There are 2 protein chains.
Amino acid sequence: MNIGQAAKATGLPPKTIRYYEDIDLVRPGRDANGYRAFCEADLHKLRFLGRTRALGFSVADCRALLALYEDDSRASAEVKAIAAKHLDAIAAKIADLKAMESTLSHLVATCAGDGRPDCPILEDLGG
Amino acid sequence: MNIGQAAKATGLPPKTIRYYEDIDLVRPGRDANGYRAFCEADLHKLRFLGRTRALGFSVADCRALLALYEDDSRASAEVKAIAAKHLDAIAAKIADLKAMESTLSHLVATCAGDGRPDCPILEDLGG
DNA sequence: ATAAGGGTTCCAGCAACTGGAAGGTCAAGA
DNA sequence: TCTTGACCTTCCAGTTGCTGGAACCCTTAT
């Protein structure tokens with residue numbers, strides 16, 4: 001199976017798949033003509049990576065999770081630790097964004113948004 | 001006033017201030033010895049940039065907002081448009097993160113996190 | 001024969017800094 | 001006076017996770 005087919009099968013762009021090979025996340029074989037040859041196990045890994053990335057894990061975390069996934073003697077505590085830490089990071093980001101949203105929505109609400117120069121948004125930003 | 005003083009006065013790291021000069025967001029003068037010389041207007045700009053960046057605006061948006069700030073004949077509609085668009089982007093990010101948080105918190109809650117290999121997190125990620 | 005539509009590699013660039021190296025400047029203390 | 005330490009300068013490289021593009025090869029159909 002070519003990279004194009006693998007891309008369709010996994011939902012990842014070909015460029016991304018090449019990149020994942022480049023950083024050794026996946027190691028497809030090669031056909032005689034030099035084309036990458038993806039087997040089912042490769043596709044499975046790629047889908048795994050797609051899901052972990054979609055959950056916002058860093059590539060480093062994805063690598064660690066993949067290694068744990070393939071290690072039958074893993075301790076689930078290791079997995080949970082990575083996930084819990086990421087969950088904290090997500091919560092922190094949400095809090096940051098909510099603070100920005102709160103500030104900004106107040107400002108936007110009070111700005112007339114017409115042709116005049118008076119602007120509470122800029123007044124606030126200017127200090 | 002040196003860059004170190006300016007950094008303390010604005011809360012921005014010296015490296016960041018140099019970077020902002022590099023991309024022409026601010027243009028401090030120079031002393032005879034080659035050191036940057038920041039005036040009050042420079043500090044004011046830097047504080048403005050610090051606040052806009054803290055609200056999550058891209059540097060491109062910050063540049064546009066700064067230009068509007070310094071343009072007495074601006075229309076507040078332009079400012080509001082930029083801010084409203086950013087507000088939408090923030091809301092979208094929050095939604096994304098909340099979805100991740102929801103999925104991940106369920107998974108984390110169901111994982112024993114002990115020494116055994118059984119792991120609902122990995123089972124889910126594996127498909 | 002050729003054209004379209006795959007595939008390959010490698011290099012550059014994005015955002016917004018940050019770290020570090022190599023070196024110039026300045027003020028204070030022995 | 002010399003030196004030490006804390007500044008400052010420039011420039012280059014690295015970060016994260018891809019993405020775009022150039023130049024070129026392979027396969028299949030017309």
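All values below were derived from every heavy atom in this structure, side-chain atoms included, with hydrogens, water molecules and symmetry-related copies excluded. Remember, predicted model here, so these are calculated numbers, not experimental data. So you know, we letter chains A, B, ... as the sequences are listed, proteins then strands, and number each from 1.
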So which nucleotide from C:dT9, C:dC17, D:dC8 ends up closest to the side chain of A:Arg18? C:dT9
Would B:Glu21 and B:Arg30 pass as an ion pair if we require N to O under 4.0 Å? yes
Base, sugar-phosphate alone, or nothing: which one does B:Tyr20 contact when heavy atoms must sit under 4.0 Å apart? sugar-phosphate
Base, sugar-phosphate or nothing for B:Pro13? Non-hydrogen atoms, less than 4.0 Å. sugar-phosphate
Taking donor-acceptor contacts at under 3.5 Å, does the side chain of B:Lys15 reach the base of C:dG20? yes
OP1 or OP2 of D:dT10 versus the side-chain N and O atoms of B:Arg36: is any pair under 4.0 Å? yes
Taking CG from B:Asp22 and P from D:dC11, how many angstroms apart are they, rounded to a whole number? 9 Å
Assign each of A:Glu21 and A:Tyr35 the nucleotide of DNA chain C bearing its closest heavy atom; nearer the 5' end lies the nucleotide of A:Tyr35
Any A:Leu66 side-chain heavy atom under 4.5 Å of A:Val26 side chain: no
Can you figure out which of C:dA16, D:dC8, C:dT8 approaches the side chain of B:Tyr19 most closely? C:dA16
For residues A:Leu68 and A:Ile82, determine if any side-chain heavy atom of one lies less than 4.5 Å from a side-chain heavy atom of the other. yes
Between D:dT19, C:dT8, C:dT25, which nucleotide gets closest to the side-chain atoms of A:Thr16? D:dT19
Start with the C-alpha gap between B:Ile94 and B:Lys98, add the side-chain angles, then the distance that decides, and say whether side-chain contact (heavy atoms from CB on, under 4.5 Å) holds. CA-CA 6 Å; B:Ile94 290 175; B:Lys98 276 191 175 172; 4.0 Å; yes
Expressed as a whole number of angstroms, how long is the span from A:Ile17:CD1 to C:dG7:C1'? 13 Å
Atom pair distance, as rounded to whole Å: CG in A:Leu12 and C1' in D:dC18: 12 Å
Can you tell me if B:Asn33 touches the phosphate of C:dC26, counting only side-chain N or O atoms and a distance under 4.0 Å to OP1 or OP2? yes
Where the side chain of B:Asn2 is defined as all heavy atoms beyond and including C-beta, which of C:dG7, C:dA16, D:dC8 is the nearest nucleotide? D:dC8
Given B:Pro28, which of B:Arg36, B:Met1, B:Arg18 fulfils the side chain to side chain contact (heavy atoms under 4.5 Å, CB included) condition? B:Arg36
Figure out the CD1/C1' separation between B:Ile23 and C:dT18, and round it to whole Å. 14 Å
Could you give the NZ-to-P distance, from A:Lys93 to D:dT16, as a whole number of Å? 13 Å
Of the candidate nucleotides D:dG21, D:dT9, C:dG7, which contains the atom at the shortest distance from the side chain of B:Ile3? D:dT9
Which nucleotide in C:dA16, C:dT18, D:dC18 has an atom nearest any side-chain atom of A:Arg53: D:dC18
Applying side-chain contact (heavy atoms from CB on, under 4.5 Å) to B:Tyr20 and B:Leu12, what does each step give before you reach the verdict? CA-CA 10 Å; B:Tyr20 286 171; B:Leu12 297 172; 4.1 Å; yes
For the pair made of CD in A:Gln5 and P in C:dG5, what is the distance, rounded to whole Å? 16 Å
How long is the line joining CG of B:Leu55 and P of C:dA16, in whole Å? 14 Å
CZ of B:Phe57 versus C1' of C:dC17: gap in Å, rounded? 20 Å
Overall bend of the helix from C:dA1-D:dT30 to C:dA30-D:dT1 (five pairs an end, 10° steps) is 40°
Quick check on D:dT10: is either OP1 or OP2 less than 4.0 Å from any side-chain nitrogen or oxygen of B:Arg30? yes
So which atom in B:Arg116 and which in B:Ala112 form the shortest heavy-atom distance, rounded to 0.1 Å? NH2-CB, 4.0 Å
Within the structure provided, determine whether A:Phe48 and A:Leu65 are in side-chain contact (heavy-atom separation under 4.5 Å). yes
